[in-house]
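Here is the structure we will look at, set down as structure tokens.
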2 protein chains.
Amino acid sequence: MGRNMRSPTLNDVARLAGVSYATADRVVNHRGNVADKSVRKVLTAVEQLGYVRNVAAANLSRSRTYRLAFLMPGGSNPFFERMHAHLEKAASHLKHSQVSINIVIVDAFAVEALEQAIEVVAGADYDGIAIVGLGNDRLVAPLNALRDRGTRIVSLVSDLPDSCREHYVGINNLKAGRSAARLMGMAHAGGPGRALVAVGSLDAPDHADRLQGFRTVLEEDFPEIEIASVIEMRDQSALMHRMMMEAWSTTEGVSAVYNVGAGNEGLIDALRIMDRPRRFCSIVHDLIPPTRRALEDGTLDAAIDQRPEIEINRALTLLRAIVDDLPPPPMPELIPAIFVRDNLPDETV
Amino acid sequence: MGRNMRSPTLNDVARLAGVSYATADRVVNHRGNVADKSVRKVLTAVEQLGYVRNVAAANLSRSRTYRLAFLMPGGSNPFFERMHAHLEKAASHLKHSQVSINIVIVDAFAVEALEQAIEVVAGADYDGIAIVGLGNDRLVAPLNALRDRGTRIVSLVSDLPDSCREHYVGINNLKAGRSAARLMGMAHAGGPGRALVAVGSLDAPDHADRLQGFRTVLEEDFPEIEIASVIEMRDQSALMHRMMMEAWSTTEGVSAVYNVGAGNEGLIDALRIMDRPRRFCSIVHDLIPPTRRALEDGTLDAAIDQRPEIEINRALTLLRAIVDDLPPPPMPELIPAIFVRDNLPDETV
DNA sequence: GGCAATTTGATTTACGTCGATCAAGTCAGT
DNA sequence: ACTGACTTGATCGACGTAAATCAAATTGCC
């Protein structure tokens, strides 16, 4: 523990290894054409000194810029709008750290569109990309091609096939669904109940996971709560409104509602009209302006949220780290956040 | 939006301003001895080009090292143990970004000890420090002295007097207490209830805030739930156990328990012994091994957590940013996390 | 108009790395 | 011992900034 612990430089390594700077450089930068004996000497010296290359100096030297792209759904989805907004903010902040970020809009749920987008970015020589993924095998080939051209890949919100990305930035949707069920169970205080469940698409792995988690916990721990019906709609707010009203009028004794996917606006409007009993529990996903307002006025009891801003930040730190060939900084697991009326963030979300 | 938008250098600024590099440097680095006219010309050019100095190059040039210190309670508190553990991890990761971190252990709740510690670090010429604060005016003078010596200050977990720090990294404890009440209310499903509340010290502003938030929500939204008694103990686990058993046997119809502070081990042991009714709600703060186990086996219903690892990470990014005189990156508000049995992180916490 | 003080320009070194180049060295096989 | 292939050493010029020096130019003041 010396006083002025200057970190060792590559020069120090070369000197200790008894080789020239050039040779040490050849080793650490994998330039090849080095005798095994020298490689060993250099690696030993690296180990011994605890040398890590000074990334700032390295990037300065090669005037490195981080060229990143984010492939994600756009348009009318308020969740992704929130994500975009934060990404823009982060991008303008990082502009002065030589990071440039392109946002590539992709149609939601559409494998072909995503496949196509991947091929487009493959031509643009990005250093790293973040993809809101789909668990479809058609993506494996183009993604591997991308990787072979030197582009690093992380998946965001929804995972890709394991082999295609270096990290997944998102929550465990099984846990999210389980948590919803737990809250709903708590809200029934041991009493019986009937729940209406709405889901965007059961093809989407995240929705399927949530529903499965939800089911499991109800069965295991709250058998007196029954799932009256699972309504599938492709995140359509208007459809949600209609079907919810219908289910409400045709189903007896509904005590709870859980929306696995999007389309919360329609659900909330329906809830406001419905003549709910005093003990009624409604749980949705994603904190967006309508759900926030509904939490505040008591129409909703809880919203499970992924904290998309945090996910964006993580994706960015991760991408920068892996582009630099550095181990990612220690970060605790992303947790499905449970929002109630009282722990909402101050900023208008 | 040109193709290869190289960021402008100080040389570009100087050229545009019609002065020499040396003069531009004098302006941006506040070295003085520059005519007002030149200052204005340079600043205009900076604005016009959107120049921001290349921090990597700057730090390389002056071989900058970030000397940071964390002043926080140590010893037997499992919450701070968790915090320490993560800080060590982060420190060893950042060692190779020229960041050195010293942890200074301070007695919890002790103003004199904190005051003394601040004076000690004042002699060590740190670039920045993070302090688990106390809202005491005795700290104002030494903290200002510190700041005048060029040390940047952020408060962590518990705030300092406003004027003494540049940022506060921590949750809003009012929201935390309110959330606890909301969950407890939900768990009573409109029925009546009596709650036992335990608190570490009402002098600690965070505990006081939590209790006040808790009270407010119960009064406003769940008037049928009554606070049977508020037991104050200085986070003593054994005392907690004893007093909880006593309160339990002397109070009729207790339906819920809320622990505002530490000492959860004692509470959990008591809960396990107590013959609780089927619908019973227990809520605590801080996810630590005992509370995690208690959530898993159903002894506890919810734990409100600050995510200390995230707080550490934020404090570190913030400190680095302000030491570099840069605006901090956009980060969403820290939210009291609600943990139930089902959204616990995988890692053993 | 002249002296001193202030302001400016020009230039240099250093920071640690990358990506080159070029000459010199080693070694195997013939 | 000679060729050709591989291996090494030495060195150089970026990258953008900090920090310093010294000489030159511009000011203010009487």
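Below, chains carry the letters A, B, ... as their sequence lines are ordered, and counting in each starts from 1.
Between the CG atom of B:Asp324 and the P atom of D:dA18 there is a distance of 11 Å, given to the nearest Å. Following rounding to the nearest Å, B:Asn11 (CG) and D:dT17 (C1') show an atom-to-atom distance of 10 Å. We find that NZ of B:Lys37 is positioned 10 Å from C1' of D:dT27, with the value rounded to whole Å. A straight line from CZ of A:Arg15 to P of C:dG16 spans 11 Å, rounded to a whole angstrom. The nearest whole Å value for the distance from the CG atom in B:Asp36 to the P atom in D:dT26 is 19 Å. The distance between atom CG of B:Asp25 and atom C1' of C:dT8, rounded to the nearest whole Å, is 13 Å. Atom pair B:Leu10:CG and D:dA18:P shows a separation of 7 Å (rounding to whole Å applied). Rounded to an integer number of Å, the gap from A:Gln98 CD to C:dC18 P is 16 Å.
Considering only the side chain of B:Val34, C:dT8 comes nearest among D:dA18, D:dC15, C:dT8. Checked against C:dT17, D:dT17, C:dC15, the side chain of A:Ala58 finds its nearest nucleotide in C:dT17. In the set D:dA18, D:dC15, C:dG16, D:dA18 carries the atom at the smallest distance from any side-chain atom of B:Arg62.
Donor-acceptor pairing under 3.5 Å is lacking for the side chains of A:Tyr168 and A:Asp162.
Contact between the side-chain N/O atoms of A:Ser38 and the OP1/OP2 oxygens of D:dT8 is found at a separation under 4.0 Å. A close approach under 4.0 Å does occur between a side-chain nitrogen or oxygen of A:Asn33 and OP1 or OP2 of D:dT7. Close to C:dG9, at under 4.0 Å from its OP1 or OP2, lies a side-chain N or O of B:Thr23. A close approach under 4.0 Å does not occur between any side-chain nitrogen or oxygen of B:Arg31 and OP1 or OP2 of D:dA18. Proximity of A:Tyr51 to the phosphate of C:dT17: a side-chain N or O atom is located under 4.0 Å from OP1 or OP2. Remark: B:Ser20 is not in phosphate contact with C:dA10, judged by side-chain N or O atoms under 4.0 Å from OP1 or OP2.
Formation of a donor-acceptor pair under 3.5 Å by the A:Arg152 side chain with backbone atoms of A:Ile322 is found in this model. B:His96 contributes no side-chain N or O that, together with a main-chain N or O of A:Ser7, makes up a donor-acceptor pair within less than 3.5 Å.
Among the heavy atoms of the strands lying under 4.0 Å from A:Ala22 is at least one base atom, whether or not backbone atoms are also near. Across all strands shown, B:Val19 has heavy atoms under 4.0 Å from sugar-phosphate atoms exclusively, and none from any base. Using a 4.0 Å heavy-atom criterion, one finds that B:Asn29 contacts the sugar-phosphate atoms exclusively.
Nearest-nucleotide mapping onto DNA chain D: of B:Ala57 and A:Tyr21, the residue sitting toward the 5' end is A:Tyr21.
B:Glu47 is not listed as a side-chain neighbour of B:Leu43, based on a closest heavy-atom distance of 4.5 Å or more.
In this structure, B:Asp25 pairs ionically with B:Arg31, as a charged nitrogen and a carboxylate oxygen lie closer than 4.0 Å.
Environment of CD in A:Gln116: sparse, with no more than 12 heavy atoms of neighbouring residues, nucleotides or ligands closer than 6.0 Å.
The base of C:dG19 lies outside donor-acceptor range of the side chain of A:Arg26, with no N or O pair under 3.5 Å.
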